[in-house]
Amino acid sequence: MDKTYQPQQIEASWYQTWEDKGYFRPSGKGDSYCIMIPPPNVTGSLHMGHGFQQSIMDAMIRYQRMLGKNTLWQVGTDHAGIATQMVVERQLQGEGLSKHDLGRDKFVDKVWEWKEQSGNTITRQMRRLGASMDWTRERFTMDEGLSKAVAEVFIRLYDEKLIYRGKRLVNWDPKLHTAISDLEVINEEENGSFWYFRYPLAEGAKTADGKDHVVIATTRPETMLGDAALAVNPDDERYKDLIGKVVELPLCDRQIPIIADDYVDPEFGTGCVKITPAHDYNDYEVGKRHELPLINILSDDAAINDNAPAAYQGMDRFEARKQIVRDMEAAGLLEKVEPHKLKVPRGDRSGVVIEPYLTNQWYVAIESLAKPAIAAVENGDIEFVPKNWENTYFAWMRDIQDWCISRQLWWGHRIPAWYDRDGNIYVGHDEKEVRQKYELADNLELIQDPDVLDTWFSSALWTFSTLGWPEDTEELKTFHPTDVLVTGFDIIFFWVARMIMMTLKFTGQIPFRKVYITGLIRDSEGQKMSKSKGNVLDPIDLIDGISIDALVAKQTDSMMQPQLAQKIEKATRKHFPEGIAAYGTDALRYTFYSLASTGRDINFDMGRIEGFRNFCNKIWNAARYVLMNTEEQGCSKPEQPEHFSLADRWIQSRFQRTLQAVHDGMANYRLDLVSQAIYDFFWNEYCDWYLELSKPVLWDDDATEEQKNATRYTLLNILEQSLRLAHPFLPFITEEIWQRVTPLLNVEGESIMLQAYPASDDNVIDEAVDKEINWVKGVIEAVRNIRGEMNISPAKAIPVLLTKGSKSDEQNLANNKQFLSKLAKLESIDWLDNPEQAPLASTQLVGKLEVLVPMAGLIDVSAEKERLHKEVDKLEKEIARLQGKLGNEKFVANAPGEVVEKEKEKLTSAENSLTQLQQQLQKIQQL
RNA sequence: AGGCGCGUAGCUCAGUUGGUUAGAGCGCUACCUUGACAUGGUAGAGGUCACCAGUUCGAAUCUGGUCGUGCCUACCA
């Protein structure tokens with residue numbers, strides 16, 4: 001074995017082996033356990049969030065697989081309608097073409113080509129993580145089977161009147177030329193202006209204070225071209241008399257009425273509002289109440305259309321805005337302009353300002369679907385972890401709006417609806433079926449709706465469509481409902497809620513029993529990772545490493561704003577002066593687990609991954625030690641329990657405790673605690689103590705062959721069990737070592753991933769053994785402390801005396817002389833019956849027992865005094881605290897007996913210690 | 001505006017139903033290449049648990065408030 005762990009030498013080949021041999025497929029035996037992967041974008045690439053969540057899912061799947069479950073981790077990708085179409089359009093643009101030049105069919109062919117070509121990137125990266133998903137069942141939302149499910153669902157909902165077509169305001173993306181849902185709109189505060197316009201009163205009307213105009217304020221002047229009314233609050237004294245009067249709409253040669261509506265806040269602006277029903281959600285509602293006309297003044301590009309005065313037609317909306325402000329000013333109708341902060345809605349993909357726009361769209365009537373979905377969480381059929389995410393879910397679900405599912409794209413599931421010349425709607429799987437279903441004449445001309453469905457519509461069916469629905473398949477029976485969904489809180493609305501609704505509706509089952517909501521990975525300063533900030537970490541770079549130059553090139557590559565490149569380069573070079581080292585997959589995964597606590601933000605710190613790389617190296621070297629000491633002699637299972645040393649029994653006991661902690665952590669989705677438990681056990685107990693305690697046995701000429709065999713067996717046995725314990729989290733290194741270890745134990749098996757998880761055995765837990773080892777550790781640490789504080793060379797073997805202890809201390813000494821001598825590097829260790837005979841010595845206490853290192857020639861008196869003073873100070877503080885507590889009658893009266901008893905014991909022992917150390921101090925001071 | 005979360009060592013984070021001397025990793029100090037490992041070992045230093053008040057015999061933990069910070073939802077034209 002190499003002296004250090006080299007992950008890159010083993011990872012790829014092990015993964016290949018596992019996949020080739022079909023280990024990721026369901027075993028077909030045992031209870032089922034199923035996780036559905038949140039399908040990533042087929043043309044995307046792996047980011048830290050994917051890495052984090054998939055590492056978690058893999059740990060759960062591997063754990064359950066080893067527990068004997070029939071596990072399915074369903075893998076797949078989605079078609080990401082807008083994102084993917086945009087990429088291909090941009091490519092075409094590079095060739096000077098638009099999608100219209102190609103036409104719909106050819107364009108869609110192009111997208112498929114792109115998908116074939118780039119679709120492997122992310123799945124290849126997922127394999128690098130060691131993710132044990134069943135690739136033979138990989139699905140894609142645009143697959144034939146899934147597409148069939150999508151159509152089926154659409155048709156059934158339509159036939160039940162739960163899908164309808166309606167003309168209303170939607171969020172229109174003028175760049176992408178499609179409607180997008182509320183969730184795809186990002187509202188961010190930006191600096192804008194408040195323009196105050198005068199609208200002249202018609203027919204000589206006057207305001208209460210004698211003016212011949214009213215003033216309105218707007219942030220979007222161009223919308224005035226579509227104004228249908230002015231509105232005031234009915235109780236607003238200033239405007240009461242104007243209600244029902246008419247104003248001249250400037251620049252438009254139209255008159256519009258003044259209406260009264262409670263919607264208007266008299267306190268805000270001028271208390272008088274222009275109403276533009278076709279371009280504002282609130283105005284739309286006001287317009288409906290007052291039967292105002294809908295005047296749409298924008299085109300699909302958000303340019304001014306023919307409904308507006310000729311002067312503005314064809315102008316872009318922002319150009320028109322400027323022109324209108326100039327024209328109003330020229331007409332003397334601009335009262336003032338104020339700077340104003342407002343929330344600007346932008347498309348999350350395109351980044352352009354979204355317009356409320358009047359179009360025909362398809363909607364899902366959501367209320368009847370939402371009710372059972374709310375109930376399923378209320379009654380506990382589905383549980384969120386951590387629980388408080390349920391509130392977020394409820395808040396949204398109880399105020400849910402109908403879902404706009406049509407998108408004006410070419411890439412996606414085509415809406416299965418046809419129209420005749422009169423605009424009648426026919427819904428069915430295909431034209432032929434539609435004609436039959438609606439008994440239409442063969443010669444009736446039908447045109448299919450050009451739109452496609454929102455990608456989330458197909459993702460909402462993910463848990464059952466991937467298992468073969470609408471067919472009644474074996475897989476559905478076996479794996480549905482699934483066990484747990486692992487995802488981020490950012491898509492509770494987008495995906496989780498919609499999945500619950502659709503799955504309940506069409507299968508009558510919940511999609512999953514638990515929703516484990518993970519935190520979001522941010523950079524070490526808590527910033528969201530984003531291309532524009534140049535702080536994105538690529539999980540693959542953490543695995544393979546990357547030079548600083550390559551990293552800088554990557555961060556500044558194809559930036560939207562090239563002027564940021566310099567800044568990013570500087571920051572990148574500062575954070576990663578040497579680039580990123582190759583830490584390997586296991587280290588990366590372990591880092592993710594250690595961060596998987598209940599918080600919602602996770603700051604990814606490079607120090608952590610380095611620590612876990614070192615942990616892997618520690619495991620590697622521990623294995624080297626074990627193999628070096630067992631390979632030649634081999635071992636067999638000891639026939640007599642007595643052959644085991646105290647240390648052997650102790651590490652077996654500690655292993656069981658660790659196993660319990662791991663099971664508890666897995667049950668509670670606390671992978672951070674699991675990873676901590678394994679780390680502590682392996683490093684701080686197995687390596688730091690057990691391996692060291694094995695040396696005195698293996699290298700002791702007086703030890704019997706049976707004893708040595710028992711220790712060799714325990715070394716191997718605990719190592720082998722630890723590998724299985726850690727395998728779900730560190731799949732590669734555990735497999736590699738396991739393969740080398742098992743021959744020595746005569747364990748059969750092709751792969752660690754198909755082995756049983758270590759078995760619980762409460763009989764192995766032995767508190768007496770634990771106590772005795774703690775005593776051994778205590779004495780060793782006492783000596784080491786003196787050594788460290790007194791600057792005694794670690795190379796120097798020293799004599800030690802034990803005194804003032806109990807019978808059991810004496811017994812412990814007799815039992816453990818070998819351990820003590822070796823681990824504390826002692827020249828001798830002896831029991832002193834009469835403390836009076838003790839030589840001048842540096843003293844440490846283990847309980848009442850005094851550990852003495854004779855000072856002769858070793859120890860500086862003043863250093864020892866200082867050390868004792870430090871100890872005495874500490875004890876005095878402790879005693880004062882305990883006396884205060886126990887002196888408080890109320891404490892003694894109210895606290896539970898055990899607690900009081902415990903405090904009393906602490907006090908007694910501290911007092912004893914203090915006395916002993918003070919005596920010692922006196923003795924030294926007399927010199 | 002409403003809702004949710006966070007504030008514990010220099011940094012990244014744990015801390016179970018209130019009861020330990022408040023923990024881990026990284027970083028820091030000193031010593032050490034001893035026959036698994038310097039990606040290591042040994043011994044240390046380092047915290048008024050944001051702040052204030054309350055409940056309690058007892059608060060990092062429970063309650064109220066303040067400050068700081070992050071996110072989500074809804075919005076004012």
Side-chain angles (χ1 to χ4, degrees), chain A residues 1 3-5 182 187 194 216-220 223 231 263-265 267-276 280-283 340 342-343 388-389 391-392 395-396 399 489-490 492-493 520 522 524 526 528 581 583 587 591 594-595 597-629 664 668 670 672-673 676 679-680 684 687-688 691-692 695 699 781 784-795 825 874 877-878 881-882 885 888-896 898-900 902-903 906 910:
Chain A
M1 285 174 85
K3 203 173 165 187
T4 52
Y5 175 53
D182 293 347
N187 292 295
F194 226 176
I216 57 94
T218 180
T219 56
R220 296 192 296 155
T223 61
Y263 154 70
V264 182
D265 174 5
E267 305 296 320
F268 191 83
T270 62
C272 181
V273 193
K274 65 195 262 320
I275 299 296
T276 320
D280 182 281
Y281 289 102
N282 289 311
D283 292 6
H340 184 67
L342 72 164
K343 292 275 179 107
N388 50 335
W389 288 110
N391 295 331
T392 307
W396 191 65
D399 188 32
F489 57 81
D490 49 334
I492 290 178
F493 306 147
L520 231 55
R522 302 169 173 280
S524 61
K528 207 166 177 173
Y583 294 108
T591 310
S594 75
L595 295 171
S597 61
T598 57
R600 55 196 244 182
D601 294 311
I602 294 163
N603 298 355
F604 193 89
D605 178 45
M606 294 299 290
R608 296 297 289 263
I609 192 171
E610 191 169 338
F612 293 120
R613 189 263 320 252
N614 297 351
F615 180 50
C616 291
N617 190 55
K618 192 74 178 175
I619 295 173
W620 186 256
N621 275 288
R624 273 183 75 209
Y625 167 82
V626 173
L627 291 171
M628 285 165 94
N629 283 285
D664 286 352
N668 298 312
R670 288 298 305 272
D672 58 327
L673 301 181
Q676 185 71 34
Y679 184 100
D680 277 346
N684 301 330
C687 289
D688 283 354
L691 293 194
E692 296 306 320
K695 291 173 184 174
W699 301 344
E781 278 165 350
R784 284 176 179 172
N785 175 267
I786 292 172
R787 220 187 244 286
E789 300 264 306
M790 296 297 116
N791 268 322
I792 299 170
S793 157
K825 183 125 181 142
K874 235 194 232 171
K877 274 186 202 150
E878 171 76 355
R881 196 182 62 83
L882 289 164
K885 209 166 181 181
N888 181 347
E889 281 172 34
K890 286 182 180 169
F891 170 70
V892 181
N894 289 315
E898 316 163 38
V899 174
V900 177
K902 218 161 122 192
E903 296 296 302
K906 275 195 255 174

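Naming: A, B, ... by sequence-line order, numbering from 1 per chain.
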Under 4.0 angstrom, heavy atoms only, what part of the nucleic acid is [X] near: base, sugar-phosphate, or nothing?
{"X": "Arg784(A)", "result": "sugar-phosphate"}
{"X": "Trp699(A)", "result": "base"}
{"X": "Lys343(A)", "result": "base"}
{"X": "Glu781(A)", "result": "sugar-phosphate"}
{"X": "Arg881(A)", "result": "sugar-phosphate"}
{"X": "Phe604(A)", "result": "nothing"}
{"X": "Cys687(A)", "result": "base"}
{"X": "Ala893(A)", "result": "nothing"}
{"X": "Asn388(A)", "result": "sugar-phosphate"}
{"X": "Ala622(A)", "result": "base"}

Cation-pi check, Lys695(A) to Tyr625(A): give yes when NZ or CZ is under 6.0 Å from the six-membered ring centre and within 45° of the ring axis, no otherwise. yes
Considering only G5(B), C57(B), A77(B), which nucleotide approaches the side chain of Arg600(A) most closely?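 Given the options G5(B), C57(B), A77(B), the side chain of Arg600(A) is closest to G5(B).
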Between G19(B), C13(B), C37(B), which one does the side chain of Arg608(A) approach most closely? C13(B)
Asp688(A) atom CG is separated from G40(B) atom C1', nearest whole Å, by 10 Å
